[in-house]
There are 2 protein chains.
Amino acid sequence: MKTNNKYLAIYQELADLIKQGILAPDETIPSENELAAKYETSRETIRKALNLLAQNGFIQKVKGKGSIVLDVTKMSFPVSGLVSFKELSQNLGRSSRTNVEKLGLIKPDPFIAQQLNLSGGDEVWEVVRSRNIDGESIILDKDYLNSRFIPSLTKEICEDSIYRYIEEELGLKISFAKKEIVVEECTEEDYAYLDLHSFTHIVVVKNHVYLDDTSLFQYTESRHRLDKFRFVDFARRGH
Amino acid sequence: MKTNNKYLAIYQELADLIKQGILAPDETIPSENELAAKYETSRETIRKALNLLAQNGFIQKVKGKGSIVLDVTKMSFPVSGLVSFKELSQNLGRSSRTNVEKLGLIKPDPFIAQQLNLSGGDEVWEVVRSRNIDGESIILDKDYLNSRFIPSLTKEICEDSIYRYIEEELGLKISFAKKEIVVEECTEEDYAYLDLHSFTHIVVVKNHVYLDDTSLFQYTESRHRLDKFRFVDFARRGH
DNA sequence: CAGTGGTCTAGACCACGGG
DNA sequence: CCGTGGTCTAGACCACTGT
């Protein structure tokens, strides 16, 4: 990443210290004034970094006391946030393989057109991939991408990481997503591509993904076998 | 809420304008300088309010352009965040009823003791409640509360809202939670208290809930019938 | 009391977008 | 070019915690 930003660099450094256990749970990190002196910066800049740490569950700030390190070992971040399968499996180091089952430019059916807010005859990339982990196909990812933003797409890109291609090759900035998790009955497609055993239902994570300028470019369904699904999140109360 | 805070008051005011549609999706809100003038405050204070709006999915800030209002109609009411069932059902206005199936002070079994980090002979409040919505029992909430923090608990409190009691009567500050969503096989208890039809599995939302000072005071399992479960979230990429 | 984090200020410089 | 948001600063006052 770019280290133009002091507060991001400080955030990363402290986050790494916590992940490595050098700053241990229940300890307090140095005070904001001490950190400001150490990093030769202003207190507000330190506070930006600490607020990021608090948002992401690394620390808890307590008025009058200090900032306490939280136990982050349990979290190992799965489907939370906005992360591609490639990035996920890398973080976990599990042996995984991706099979591209379908890839093509299609005229979207009414459901997909609605999900992507398409009006005219815009075409859409349809990508269907199965994810094989430890020898079993347990996730089916169905992606629909607006061709206005993604002009071309190859099997190689889909086997690697579509997000990497979009961000690094096309220079687009993926910014946010509206995510929905529900359970549905398995479809013929699920039975065809996944090792479903006797399961009759499947967890579906639906994502509407937006770029920096608020344009909607992707609708995704990530379909997980019931017994292999896990979602972890850190939530703060209030505002 | 207390309106001691300028930036929180400004956040609330703008969030309300967006929820009411007075600031409509795809429009830009006034610039930071304009808002600073209007509210007679500094730009940094305005930025705090706008950053909160961005975090919570109300706006998207675009450098060089302005802050664009996002469509928030789809989002309303998540199981996201840290919200009690009472608060949730109020926001949705569905007819709902709570049945207290169990309530008592118990010696925790090893699993619960471990979830709550209990060492000695600390006792724990066990509360089991079923949630009836539109005539069907579809959610089973199992709560375990450390009696060190919650000395007493009554059926009336459990029928209303435990969180309301803890925050308003006891004056404790519920601060954050680690949340996990998985799917499990139904237990005898699920069959006993819920209208499960032919479902064999159930969505379980497990929460470890912490107070302001990072003390763990509650472990909760919220068990949802597959077809009635829905989780919505707003996620930003990166950091 | 001294030290902590929480809020707020008035100003500065930068990178970006659009006319 | 000007206006936008992004970063950073140095200082102030407050509320809260501990001793």
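As the structure is a prediction and not an experimental result, all values here were calculated from the model. In what follows, chains carry the letters A, B, and so on, assigned in the order in which the sequence lines appear, proteins first and then strands, with residues in each chain numbered from 1.
Protein chain A contacts DNA chain D from D:dT7 to D:dG18, reading 5' to 3' and using non-hydrogen atoms of the protein with a distance under 4.0 Å.
A donor-acceptor pair shorter than 3.5 Å can be found between the side chains of B:R131 and B:T98. Judged purely by distance below 3.5 Å, without hydrogens or angles, the side chains of B:S42 and B:E44 never pair a donor atom with an acceptor atom. Looking at B:D143 and B:Q218, their side chains do bring a donor and an acceptor atom within 3.5 Å of each other. In this structure, a donor-acceptor pair under 3.5 Å is absent between the side chains of A:Y165 and A:E167.
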Given B:K61 and B:E32, is the salt bridge (charged side-chain N to carboxylate O under 4.0 Å, His left out) satisfied, shown in steps? CA-CA 11 Å; B:K61 311 181 81 177; B:E32 296 179 350; 3.2 Å; yes
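Aromatic pair A:F234/B:F176: centroids less than 6.0 angstrom apart.
Listed by chain and number, the residues in a side-chain contact (heavy atoms from CB on, under 4.5 Å) with B:S222 are B:I139, B:D141, B:V205, B:H224 (sequence neighbours excluded). Residues passing the side-chain contact (heavy atoms from CB on, under 4.5 Å) test with A:K48, sequence neighbours excluded: A:Y7. Here A:K107 pairs with A:E123 under the salt bridge (charged side-chain N to carboxylate O under 4.0 Å, His left out) rule; sequence neighbours left out.
Counting all heavy atoms, side chain and backbone alike, B:S161 lies closest to B:R164 at OG-N, 3.1 Å.
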List the protein contact pattern of nucleotides 14-19 of chain C with one symbol per nucleotide (5' to 3'): B for base contact, S for sugar-phosphate-only contact, - for none; contact means a heavy-atom distance under 4.0 Å. --BSS-
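Residues from residues 34-49 of chain A that place a heavy atom under 4.0 Å from any atom of DNA chain C, listed by number: A:R43, A:E44, A:R47.
Rounded to whole Å, atom P of C:dT4 lies 15 Å from atom CD1 of A:I59.
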